[in-house]
Number of protein chains: 2
Amino acid sequence: MSTRKKILIADDEPDILEILHFNLQAEGYEVHTAKNGLQAIEKAKIIQPDLIILDIMMPIKNGIEVCNELRMLPAFQKTLIIFLTAMSDDGTEVKGLESGADDFITKPIRPKVLLSKVNALFRRVPKESSSVQLGDLQIDREKYNVSYKNQDITLARKEFELLSLLASKPGKVFLRNEILSKIWGTEVIVGDRTIDVHIRKIRQKLNLDCITTVKGVGYKFEL
Amino acid sequence: MSTRKKILIADDEPDILEILHFNLQAEGYEVHTAKNGLQAIEKAKIIQPDLIILDIMMPIKNGIEVCNELRMLPAFQKTLIIFLTAMSDDGTEVKGLESGADDFITKPIRPKVLLSKVNALFRRVPKESSSVQLGDLQIDREKYNVSYKNQDITLARKEFELLSLLASKPGKVFLRNEILSKIWGTEVIVGDRTIDVHIRKIRQKLNLDCITTVKGVGYKFEL
DNA sequence: GTAGAATATTATCAAATTGTTAACGCAATT
DNA sequence: AATTGCGTTAACAATTTGATAATATTCTAC
C-alpha cells in the first residue's frame with residue numbers, strides 16, 4: 001500500500017557509499033547515491049527522496065551547502081536530511097543542525113545506529129496523505145473520497161475499498177481470490193457474483209471505462 | 001499565540017539538571033525536572049510535556065524503562081523523547097532508539113548541540129495552532145469557544161473536543177475507533193451511539209452542514 | 001457458429017449502520 | 001435541598017449497504 005521510502009546518499013568515499021547502500025537497502029528502502037555535492041542536488045531534484053544523507057566533507061559542494069541550497073526549494077522544505085561527519089566538532093554540528101538538518105551522525109559509522117536513526121526519523125514524519133492521482137481521477141484514502149475532474153463521487157465502503165485496491169496497482173490484474181481475501185478477509189465467504197455487482201456499481205458511478213474484465217482471471221484498473 | 005513548549009528533564013546528577021535547565025530556559029522553553037525515573041513518569045503525566053529528555057542511567061527506573069512505559073500510554077504516543085547517555089555503546093543506543101526515542105545525545109553534553117537538536121526536533125513537529133479559522137467558522141482551542149460569523153456558539157466540553165478533533169484535519173475521515181481513543185481514551189468504554197448523539201448536538205447547535213457521515217467508517221469535517 | 005462457462009445486470013431483502021428522542025445519573029452550582 | 005447542565009444510554013425509526021438469486025449477455029474453446 002505504501003511505496004518504499006526513497007533515500008539519497010551523498011558521500012565521496014565509495015566504501016561508505018557501499019556500506020550504507022547495502023544496509024539501507026536490506027532494511028527495505030529504495031537507495032540512490034551521489035558522489036559529490038553537485039550530483040546530490042541534481043539527483044535529489046529528479047528522485048525527490050524522502051531522506052537525504054549528506055557527508056559534510058565532499059568535493060565540489062559540501063554537505064552544508066547542499067542542504068542550504070535544497071532547503072531553499074519548496075519541494076525540499078520537508079525532506080529529511082541527515083549529516084555525516086568525521087569531525088566531532090561542536091561548531092560544525094551546530095551549523096549543520098541550524099541549516100535545517102534533522103540529525104547528525106559522526107564517523108566512524110555504526111550501521112545499526114544509522115538504521116535506528118533513520119527508522120526513528122521516518123516514524124516521526126506524518127505519513128503521506130495516501131492520495132492517488134490517476135489522470136483526472138483522484139482517490140484519497142484519508143478523506144475516503146473519490147473525485148473525477150474535481151467532481152466528488154460517492155462510493156459505499158466496499159465499493160471504495162475495491163476501487164482503491166484495484167487502483168493501487170494500475171495495470172495489475174487482481175485475481176478474484178486475491179480480491180476476496182484482501183477486501184473480505186479469509187474468514188468471510190461471499191459468492192463470486194458479489195464482486196461483479198460491486199464492480200458494476202463502481203463502473204456505473206464513475207461512468208468511466210477504467211476497470212477491465214479479464215475473463216477467467218479477474219479485474220484490473222487502467223487509465 | 002503559541003504557548004511555550006514544555007520540556008521535562010530527568011537525570012540523577014544535579015549538575016546536569018541545572019545546566020540543561022538553564023540553557024533550555026534561556027532558549028524560551030518551560031522546563032521541568034525530575035531526579036529519577038519514577039518521578040519522571042509521575043511528572044510527565046501531570047505536566048504533559050512536549051519533549052522529555054531522559055538520562056538512561058537513573059536510579060529506581062532507567063531511561064529506557066521510562067520510555068517504554070510512557071509509550072504505552074496514548075497521551076505519550078507523540079511526545080518527543082531524547083536520551084542522554086555516558087556510554088557510546090552501540091547496543092544501548094539502538095535499544096533506546098527502538099524503544100521509540102527520537103534522538104540520542106552522548107555525554108559529555110555540549111549545550112549548543114543539545115539546543116540545536118531540541119530546536120531541530122520541534123521544527124519537525126507540525127505545530128498545532130490553538131485557533132482555527134475555517135470559512136466563517138472559528139475554533140479557539142485556548143479560549144475553548146466556537147463562533148460562526150462572529151456569533152458565539154456554546155458547546156459542551158465533549159462536543160467541543162469532538163468538533164475540534166474533526167476540524168483539526170478538514171476532509172480527513174476519523175474512524176469511530178479513532179474518535180473514541182482520542183477523545184475518550186483507551187480505558188473508557190462508551191457505546192457507539194454516544195458519538196452519534198454528540199455529533200447530532202454539534203450539528204444542531206452549529207446549524208451548519210459541515211460534518212459528513214461516512215457510513216461504515218466514521219465522520220469528517222468539511223467546509 | 002455453437003455450447004458452455006464466465007460475467008453483467010437487475011431487483012430484492014436482510015443486516016448493518018446511523019439518526020433521533022427521551023430519560024437517567026451525576027456533579028457542580030445556587 | 002433544589003436546580004441546572006452534561007454525558008451517557010436505551011429504545012426505536014430511518015437509512016444505507018451488501019449479498020444473493022434470477023436472468024440476460026458476452027466470451028471462449030471447440
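Each chain gets a letter, A, B and so on, in the order the sequences are listed, and its residues count up from 1. All values below come from the heavy atoms of this structure, side chains included, with hydrogens, waters and symmetry mates left out.
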From [options], pick the nucleotide closest to the side chain of [X]?
X: R176(A); options: dG7(D), dT10(C), dT7(C); result: dT7(C)
X: T213(B); options: dT18(C), dT21(C), dT9(C); result: dT18(C)
X: H198(B); options: dT10(C), dT18(C), dT8(D); result: dT8(D)
X: E159(A); options: dT20(D), dC6(D), dG18(D); result: dG18(D)
X: K201(B); options: dT8(D), dC6(D), dG18(D); result: dT8(D)
X: T194(A); options: dT20(D), dA8(C), dC6(D); result: dT20(D)
X: W184(B); options: dG7(D), dA8(C), dA19(D); result: dG7(D)
X: V197(B); options: dA10(D), dT20(D), dG7(D); result: dA10(D)

[X] [atom1] to [N] [atom2], straight-line distance once rounded to whole Å:
X: L155(B); N: dC6(D); atom1: CG; atom2: P; answer: 10 Å
X: N177(B); N: dT17(C); atom1: CG; atom2: P; answer: 12 Å
X: I195(A); N: dT17(D); atom1: CD1; atom2: P; answer: 20 Å

Over all strands shown, is F160(A) touching base, sugar-phosphate only, or nothing at heavy-atom distances under 4.0 angstrom? nothing

Least distance between heavy atoms, L137(B) atom then F221(B) atom: CD2-CZ, 3.6 Å

Among side-chain atoms of Y29(A) and N23(A), is any donor-acceptor pair under 3.5 angstrom? no

Taking for each residue the nucleotide of DNA chain C with the nearest heavy atom, is it Q204(B) or R157(A) whose nucleotide lies nearer the 5' end? R157(A)

Axis-to-axis angle between the two ends of the helix from dG1(C)-dC30(D) to dT30(C)-dA1(D) (five base pairs per end, rounded to 10 degrees): 30°

Distance under 6.0 Å and angle within 45° of the ring axis: does K158(B) meet both against F160(B)? no

Looking at dT15(D), does its base get a donor-acceptor pair with the side chain of K215(B) below 3.5 Å? yes

